There are 2 protein chains.
Amino acid sequence: MNHLSESPLFIQPTITGPSAAIVARLSQAIHEHRLAPGTKLGEDELSDVFDVSRTVVRSALQALSHDGLVELKRNRGAFVAKPTIREAREVFEARALLEPRTARSATERMTRAHLDRLHAHIEAEHDAMARAEHGKALRLSGQFHIEISHIADQATIAGFIERLVARSSLIIALYWQRQSAMCEKHAHHALLDAFARGDADDAEELMKNHLVDIVTTLDLRDPAPREISLGEILVGPSSPGGQG
Amino acid sequence: MNHLSESPLFIQPTITGPSAAIVARLSQAIHEHRLAPGTKLGEDELSDVFDVSRTVVRSALQALSHDGLVELKRNRGAFVAKPTIREAREVFEARALLEPRTARSATERMTRAHLDRLHAHIEAEHDAMARAEHGKALRLSGQFHIEISHIADQATIAGFIERLVARSSLIIALYWQRQSAMCEKHAHHALLDAFARGDADDAEELMKNHLVDIVTTLDLRDPAPREISLGEILVGPSSPGGQG
DNA sequence: TTCAGATGAATTGTATACAATGATTGCGCA
DNA sequence: TGCGCAATCATTGTATACAATTCATCTGAA
């Protein structure tokens, strides 16, 4: 019942009106892995669910596609995005470029109120984890990074980070390998500690390492055989008499 | 008549279909300063000009708003965006964070074909400058940065840089102070030279300085009195008997 | 049995009609 | 004459109707 459970949304209010609500609902569902990558988002279905016309549904889907959460295929429809391994690597390279510096800036601008807010946020994360609400925990964990970017008070960069965190959620859904325990809690606590001490150097370094840790929990090895070459595998490598 | 004059467009093909053409035309017009910041973009007017329904016009305007070129005010309409001084600073801070590193990556991936392409691009810039086609020169100058980001082969970061360059165009339209001669030509030549030598350190440094130089040509001082307080200025600071 | 082609259903893309909101102008009153 | 208010107009927001494309299924022949 605290402010975090109903916390606004990831997407900046570029869109207003009814479609904003749809964007928020879909965003949250995707972030919490209730909507898997590749899921078809039919317009009629959504307009039925949200009780609005297809017009506003289409507006919402277009907004989501601009944020990389949804992929629009012309005459085919809208689908929850499925980032490739390449895109996954790019996203975390971009985060590695932006977020450590942002953590530094945030440290310099950190106030008591900010610290309290972050502390409450980590508590909420912990709570969700304890209740085994993995989806919510994951969403909050991403939002922690967004909160930091807002504290850094660079709206433009914060907007980029929001996009990247959003895509990260999809990437984790696709490439997270279960055996690796993702221990966000510890990393976030350590960051908060650095913020509290006003140690910008440490905050920057911790964020850098934290991002590396996240990538480590992912399996981003190139999948061996492409499905494109499936025909070749079964028939032969496109040169006659290839395999017995 | 070369490939650069008709060169694709800034916006990535998130949108397809007829609205893509409208996005491209409007983008180009804004980049070339033919559409000034604040200009009203009426839906009926545009649907008339491009001979499509308001539906596709609205789609195009929404796409442009997501890229920060257009501002949508609910029930008021669409306007060419007017970045504030604060936003202007943020944009160039973000560019300073992203582009030097990108220039370094580009250097490492630079091929002969890339070099030729960049060389041709600079020629086109020079040509437009010589013909006093300032709008076109400005657009090409921004696109030079985008080409580099594409060579760096990081689509995600390149997308961010595209947005930033787009907004930079608006910022220049608003805050460029005429007395300062913007000598992009020299800086771009120097960058190309570093690329050709494969000197990544130099490329990174040159890009960093180039961005600083651009900011230097802008007047980003806080405008003295806000128009919000205009009433206060004329009547008094909202406290009776404030000023004699 | 399998593949090719065609037909039909379902879904998306676009245009248009209607509703709602905001701007403008004219009138009435002080 | 200046201000406030109200009605009208223009413009945007939403819903719906129609067109176009894609996907599935069915038929038929090799």
Side-chain angles (χ1 to χ4, degrees), chain A residues 11-26 35-67 69-82 227-228 230-232 234-236, chain B residues 11-26 35-67 69-82 227-228 230-231 234-235:
Chain A
I11 309 302
Q12 64 274 31
T14 302
I15 298 295
T16 57
S19 52
I22 298 176
V23 167
R25 293 283 289 274
L26 287 176
L35 280 174
T39 304
K40 172 76 183 282
L41 300 172
E43 298 182 359
D44 274 319
E45 195 179 343
L46 291 175
S47 71
D48 200 40
V49 168
F50 292 109
D51 197 41
V52 291
S53 76
R54 277 178 51 219
T55 307
V56 354
V57 168
R58 284 176 70 84
S59 173
L61 290 175
Q62 189 180 339
L64 287 165
S65 103
H66 277 281
D67 289 314
L69 283 175
V70 159
E71 199 170 336
L72 295 181
K73 303 182 183 177
R74 186 167 182 84
N75 289 322
R76 299 281 313 281
F79 305 82
V80 178
K82 276 209 305 201
E227 51 190 332
I228 303 164
L230 191 137
E232 298 178 9
L234 300 180
V235 178
Chain B
I11 308 303
Q12 65 273 31
T14 301
I15 297 297
T16 57
S19 52
I22 298 176
V23 168
R25 293 282 289 274
L26 287 176
L35 280 173
T39 304
K40 172 77 180 284
L41 300 172
E43 297 182 359
D44 275 319
E45 194 178 344
L46 292 175
S47 71
D48 201 39
V49 168
F50 292 109
D51 197 40
V52 290
S53 75
R54 277 177 52 218
T55 308
V56 355
V57 168
R58 284 175 69 84
S59 173
L61 290 174
Q62 189 180 338
L64 287 165
S65 101
H66 277 280
D67 289 313
L69 283 175
V70 159
E71 199 170 337
L72 296 182
K73 303 181 183 177
R74 186 167 181 86
N75 290 322
R76 298 282 313 279
F79 304 82
V80 178
K82 277 208 305 200
E227 52 190 331
I228 302 163
L230 191 137
L234 300 180
V235 178

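To find a chain, count down the sequence lines: A is the first, B the second, and so on, and within it residues start at 1. Everything numeric here is computed off the predicted structure, so don't read it as measured data.
Distances were taken from every side-chain heavy atom of Val52(A) (C-beta onward) to each of dA17(C), dA15(D), dT12(C); the shortest belongs to dA15(D). When the nucleotides dT16(D), dG22(C), dT14(C) are ranked by their closest atom to the side chain of Asn75(B), dG22(C) comes out on top. Here the nucleotide nearest the side chain of Arg58(B), chosen from dT14(D), dT12(C), dA15(C), is dT14(D).
One interatomic measurement links the two molecules: CG of Asp44(B) to P of dT12(D), which rounds to 6 Å at whole-angstrom precision. One atom, CG of Asp48(A), and another, P of dA15(D), lie 13 Å apart when rounded to the nearest Å. Between the CZ atom of Phe79(B) and the C1' atom of dA23(C) there is a distance of 11 Å, given to the nearest Å. Put simply, NZ on Lys73(B) is 17 Å from P on dT11(D), counting in whole angstrom units. Counting to the nearest Å, the C1' atom of dC18(D) and the CZ atom of Arg54(A) are 11 Å from each other. The CG atom of Leu61(B) sits 11 Å away from the C1' atom of dT12(D) (whole-angstrom rounding). The CZ atom of Phe50(A) sits 15 Å away from the P atom of dT14(D) (whole-angstrom rounding). Atom CD1 of Ile22(B) and atom C1' of dG13(C) are 14 Å apart (whole Å).
Between Leu61(B) and the choices Val56(B), Leu41(B), Ile22(B), Val23(B), the side chain to side chain contact (heavy atoms under 4.5 Å, CB included) rule is met once, by Leu41(B). Checking each of Leu69(B), Leu35(B), Val80(B) against Leu26(B) for a side chain to side chain contact (heavy atoms under 4.5 Å, CB included) leaves exactly one that passes, namely Leu35(B).
Note on Gly17(A): nothing from the nucleic acid sits closer than 4.0 angstrom, heavy atoms only.
At the phosphate of dT12(D), OP1 or OP2 sits under 4.0 Å from a side-chain N or O atom of Lys40(B). OP1 or OP2 of dA15(D) sits under 4.0 Å from a side-chain N or O of Ser53(A).
The distance from atom NE2 of His66(B) to atom CD of Gln62(A), rounded to the nearest 0.5 Å, is 6.5 Å. Atom-to-atom distance recorded for Arg76(B):CZ and Lys40(B):NZ is 7.5 Å, nearest 0.5 angstrom.
A pairwise comparison of heavy atoms in Ser19(B) and Ala60(B) identifies O-CB, 3.8 Å as the closest pair.
Nearest-nucleotide assignment on DNA chain C puts the 5′-proximal partner with Glu43(A), out of Glu43(A) and Arg74(B).
For dG13(C), the base has no donor-acceptor partner in the side chain of Arg76(A) [N/O atoms by modelled type, under 3.5 angstrom].
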